[in-house]
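Have a look at the structure below, then the notes.
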Amino acid sequence: MTERPGIAVIGGSGLYEMEGLTDIEEVRVETPFGDPSDAFITGTLGDERMVFLPRHGRGHRLLPHEINFRANLWGLKKLGVARVISVSAVGSMKEEIEPGHLVFVDQFIDRTRQRPTSFFGDGVVVHVPMADPVSPPLRQALQDAAEGAATFHRGGTYLCMEGPQFSTRAESFLYRSWGVSVIGMTNMPEAKLAREAEMAYATIALATDYDCWHEEEESVSVDSVLQILRANVEKAQAVIRNYVLGPREPLCPMSSRAVRSSLMTPKDRIPPERRRALAPILDPVLSDESPPV
């Protein structure tokens, strides 16, 4: 691979490949956190070198809590990625978000319980800000790319549940009372780890159903999800293609300098083995290199 990819797409349920890529290479990355979900697929779209990763692995082999999020995001950082576009199937928690619509979420509620949520620890203390977990410039650029390509909603809260089971009806009504927009199983801790790796992150949420709260709709099932998901994936592909072929938005400092403003451990107190394990993340921070554009 001669050129480092600046844009990554993490594909969720139904999105296992990226159409239109040329000069395709398959790259396997060893990480200190174990194996990523699959090989990273790099390719060129227009003039942009980018990388694609199927979140659940090709053949949809991984349950949400089995996804090695740290290996996935560490691998993307190692490859040189600066912008991460997450594509995720979700249930709608609001009447106006109909199955088939896209949502560009701007907030998350993390209800997961058994997933490692940080690269740090073991001698390295970092507390990155997460008040605004999505990169505003990247989200706006994706919304611009969606004009004319899909029916979409600007902003909304994504509640990330543990799964792999769908919600009970009582849980669904509870989450609706919180004002959440969509519910899914995969964007946490992905968004947190992208922030810790100083990569801009945004989500294209693909609404496939009304969870189980809607009295006039059938409760969510795999068959109903897959039927709508196929159409949604085509819309997401169009949005990503429009974005990649369009003008590049600036990186926001909130994303690209998150660790630089949050590292609590003095440089000379970081254990050497931890610095080596976290080299793709810590080396630019400790040398104060400017983030990529």
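Remember, it's a predicted structure, so these values are computed and weren't measured experimentally.
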Close side-chain approach of [X] and [Y], heavy atoms under 4.5 Å:
X	Y	answer
E162	R111	no
F40	F52	no
L206	L102	yes
D209	I228	no
K94	S181	yes
I10	L76	yes

Checking the side chain of [X] only, and the main-chain atoms of [Y] only, is there a donor and an acceptor separated by less than 3.5 Å?
X	Y	value
R49	L45	no
S172	T168	no
R55	V87	yes
T203	A205	no
E198	S255	no
W213	S92	yes
R260	V285	no
K78	E30	no
D110	M188	no

Distance-only polar pair, side chains of [X] and [Y], donor-acceptor under 3.5 Å:
X	Y	answer
E190	S86	yes
R70	T117	no
S37	N68	no

List, by chain and then residue number, the residues other than L63 in its hydrophobic cluster (Ile/Leu/Val/Met/Phe/Trp/Tyr, side-chain heavy atoms under 4.5 Å); write none if there are no others.
none
Other cluster members, V125 - Ile/Leu/Val/Met/Phe/Trp/Tyr, side-chain contacts below 4.5 Å
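Traced through the cluster, V125 reaches M264.
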Enter the distance from [X]:[atom1] to [Y]:[atom2] here, rounded to the nearest 0.5 Å.
X	Y	atom1	atom2	value
Q143	Y243	CD	OH	12.5 Å
N187	I109	CG	CD1	13.5 Å
I183	L159	CD1	CG	5.0 Å
M161	M185	CE	CE	4.5 Å

In terms of heavy-atom contacts, does CG of N242 have more than 12 from other residues, nucleotides or ligands at under 6.0 Å?
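Enclosed.
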Taking only residues two or more places apart in sequence, or in another chain, which ones meet D38 in a side chain to side chain contact (heavy atoms under 4.5 Å, CB included)?
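Here the qualifying residues are R28, L53, P54, R58, R61.
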Ion pair E196/K77, N-O distance below 4.0 Å
no
Between D211 and R169, is there a side-chain N and carboxylate O pair less than 4.0 Å apart?
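A salt bridge is absent here (no side-chain N lies under 4.0 Å from a carboxylate O).
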Per the ring-ring contact (aromatic ring centres under 6.0 Å, His included) rule, what does the pair list look like for residues 84-105, sequence neighbours excluded?
H101-H153, F104-F152
Provide the closest heavy-atom pair for A207 versus I97 in the form atom of the first, atom of the second, distance.
CB-CG2, 3.9 Å
So which atom in P189 and which in P116 form the shortest heavy-atom distance, rounded to 0.1 Å?
CG-O, 3.3 Å
Ring centroids only, cut at 6.0 angstrom: are F33 and F69 within range, meaning strictly under it?
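That pair fails the under 6.0 Å test.
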Anything under 30° is parallel, anything over 60° is perpendicular, the rest tilted; go ahead and classify H56 against H60.
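Plane angle under 30°, so parallel.
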Geometric cation-pi criterion, R139 with Y201: 6.0 Å, 45°
no
Quick one: salt bridge (Lys or Arg N to Asp or Glu O under 4.0 Å) pairs with a partner in residues 149-158, sequence neighbours left out?
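As it turns out, the salt bridge (Lys or Arg N to Asp or Glu O under 4.0 Å) pairs with a partner in residues 149-158, which skip direct neighbours, are E147-R154.
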Do M254 and I281 belong together in a cluster built from hydrophobic side chains that touch within less than 4.5 Å?
no
List the atom pairs, donor and acceptor, that lie under 3.5 Å between side-chain atoms in residues 126-134 and the rest of the protein, sequence neighbours left out.
none

